[in-house]
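Beneath this line is the structure, given in structure tokens, with notes to follow.
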Amino acid sequence: GANTQVGANITYTAGQHKWFRIREHGGTIYWETSIDGVIWHIRQSQANPIGVTALTVLVGAGTYGAELSTSTIKWDAFNVIPANNQVIPYIGVWEGAETGFRMPDTLAGVDRLEAQLGWHLNILHFYATWASAFGGLNANALHAIHKHGAIPMLSWSPSYGAVNQLLQRITAGDYDADITRWAQGIASLGFDIFLRPMWEMNTTSMNWGIGVNNNVAADFAPAWQHVYNIFQAQGATNCLWVWCPNVEYAGTEPVANVWPGAAYVDWTGLDGYNGGTELPWGGWMDFSLVFNNTYFPSYGNVVALAPT
């Protein structure tokens with residue numbers, strides 16, 4: 001037999017390392033972790049010196065200092081890889097009532113809401129623009145969300161005003177400096193985030209939307225892919241990319257026309273709004289009325305409804 005030892009250490013965080021697996025592919029063994037059992041991140045790899053027919057995993061824990069002899073460490077749960085098509089629900093919130101669209105100064109509002117609901121929120125969702133600085137409040141808030149045990153979802157917008165053919169300008173590299181700055185900052189975080197750029201692109205309500213400022217559907221996928229490739233080049237592989245059109249209604253672009261491609265998307269999303277009496281359209285609508293009119297083919301990605 002053969003014995004190969006490969007050392008790798010990561011700081012364990014319950015919200016980020018809920019799953020782990022060891023697998024072999026193409027002559028290499030990979031150790032990977034996941035936040036959801038669906039999207040996996042490689043933590044260590046080793047060329048396989050021999051054919052593997054069986055694998056034994058030993059899990060242990062210890063301390064760096066002296067402990068009382070009666071101390072115990074308990075492993076109370078292990079997650080196994082979910083079966084195909086198993087739904088893993090995440091519950092999130094946008095704390096817009098207190099912070100507007102920006103990052104929060106404090107998570108006190110989240111603490112209050114969790115106490116009222118009686119459960120922990122998995123995703124905390126906030127907004128930032130490409131032109132804003134990554135550091136300061138934005139970076140501090142992302143770290144605070146991670147420390148809270150939740151995953152940040154960042155809706156990230158190219159809010160440059162009424163730029164003619166904005167999507168083409170993105171692809172041409174006009175905003176590469178801003179994109180690169182954020183990619184480098186996110187890569188430095190050391191934990192995963194959901195990144196939701198250019199959401200609701202199939203509507204005319206956004207300056208990157210189809211039909212606005214001479215943007216056309218054929219321009220969207222190249223712009224998205226350009227941004228994605230910059231993040232990859234900067235090592236920001238901790239981004240989970242959320243492609244999120246709006247539900248279709250009269251005048252919107254069919255969602256299939258703005259699909260960037262499976263290689264560029266981790267989660268597919270769909271925005272829909274039941275405004276009740278608070279928004280100036282539609283009145284109260286149940287879930288089926290909001291979402292059933294949109295033809296939304298399965299692209300083989302995890303699906304999110306963010307926001308509703």
Side-chain angles (χ1 to χ4, degrees), residues 94 96 100-102 125-132 153-179 182-183 194-231 239-275 278-282 285 289-297 299 301 303-308:
W94 165 50
F101 286 92
R102 63 176 176 79
H125 176 203
F126 301 101
Y127 293 73
T129 65
W130 294 12
S132 63
M153 176 180 283
L154 176 61
S155 288
W156 190 54
S157 62
S159 298
Y160 296 105
V163 177
N164 186 50
Q165 296 181 316
L166 174 62
L167 295 176
Q168 289 191 17
R169 301 275 54 79
I170 293 170
T171 305
D174 288 13
Y175 308 105
D176 282 5
D178 288 344
I179 298 167
W182 272 87
F194 293 111
L195 188 67
R196 192 177 78 125
M198 299 187 288
W199 63 95
E200 299 176 17
M201 74 299 290
N202 60 322
T203 75
T204 56
S205 59
M206 306 295 183
N207 66 323
W208 56 86
I210 307 307
V212 178
N213 302 324
N214 295 310
N215 294 318
V216 298
D219 294 337
F220 183 78
W224 177 286
Q225 293 167 9
H226 180 78
V227 176
Y228 178 95
N229 288 334
I230 291 176
F231 271 67
C239 279
L240 300 173
W241 291 78
V242 182
W243 170 77
C244 193
N246 198 81
V247 294
E248 294 178 0
Y249 54 84
T252 59
E253 186 74 21
V255 297
N257 293 350
V258 289
W259 171 239
Y264 302 91
V265 175
D266 295 308
W267 285 51
T268 54
L270 189 61
D271 282 358
Y273 300 89
N274 171 21
E278 297 299 319
L279 295 177
W281 71 85
M285 295 180 289
L289 287 175
V290 175
F291 290 99
N292 277 4
N293 290 331
T294 301
Y295 173 66
F296 198 64
Y299 293 111
N301 304 82
V303 175
L305 299 175
T308 57

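For the numbers below, each heavy atom of this structure counts, side chains included, while hydrogens, waters and symmetry mates do not.
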Assess whether side-chain contact (heavy atoms from CB on, under 4.5 Å) is satisfied between Ile210 and Leu167, documenting all intermediate values.
-> CA-CA 9 Å; Ile210 307 307; Leu167 295 176; 4.0 Å; yes

Kindly indicate, with the supporting measurements, whether the criterion side-chain contact (heavy atoms from CB on, under 4.5 Å) is fulfilled by Leu270 and Val247.
-> CA-CA 6 Å; Leu270 189 61; Val247 294; 3.9 Å; yes

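Side-chain atoms of Phe220 and Met198, non-hydrogen and from C-beta on, do get closer than 4.5 Å to each other. Using a 4.5 Å heavy-atom cutoff, the side chains of Pro158 and Thr129 are not in contact. Under the 4.5 Å side-chain criterion, counting only non-hydrogen atoms from C-beta, Val258 is not in contact with Trp224. Side-chain contact between Met201 and Trp243 is present, with at least one heavy-atom pair separated by less than 4.5 Å. Under the 4.5 Å side-chain criterion, counting only non-hydrogen atoms from C-beta, Met206 is not in contact with Val212. No side-chain heavy atom of Tyr160 sits under 4.5 Å from any side-chain heavy atom of Asp174.
Residues satisfying the side-chain contact (heavy atoms from CB on, under 4.5 Å) criterion with Asp176, sequence neighbours excluded, are Ile179, His226, Ile230. For Pro222, the side-chain contact (heavy atoms from CB on, under 4.5 Å) partners at least two apart in sequence or on another chain are Thr171. Annotation: ring-ring contact (aromatic ring centres under 6.0 Å, His included) contacts of Trp208 (sequence neighbours excluded): Trp199.
Ring pair Tyr228/Trp241: centre-to-centre distance below 6.0 Å. The distance between the ring centers of Trp156 and Tyr175 does not fall below 6.0 angstrom. The ring of Trp130 has its center no closer than 6.0 angstrom to the ring center of Trp182.
Note that OG of Ser155 and CD of Glu200 are 8.5 Å apart. Values are rounded to the nearest 0.5 Å. If you take CG on Leu195 and CE on Met153, they are separated by 9.5 Å, rounding to the nearest 0.5 Å. Taken from CG in Asn202 to CG in Asn257, the straight-line distance is 9.5 Å, to the nearest 0.5 Å.
Looking at every heavy atom in both residues, Pro260 comes nearest to Ala221 through CA-CB, 4.0 Å. When all heavy atoms of Cys244 and Asp271 are compared, the closest pair comes out as SG-OD1, 2.9 Å.
Exactly one of Asn214, Asn213, Asn215 qualifies for a side chain to side chain donor-acceptor pair (under 3.5 Å) with Asn164. That residue is Asn214.
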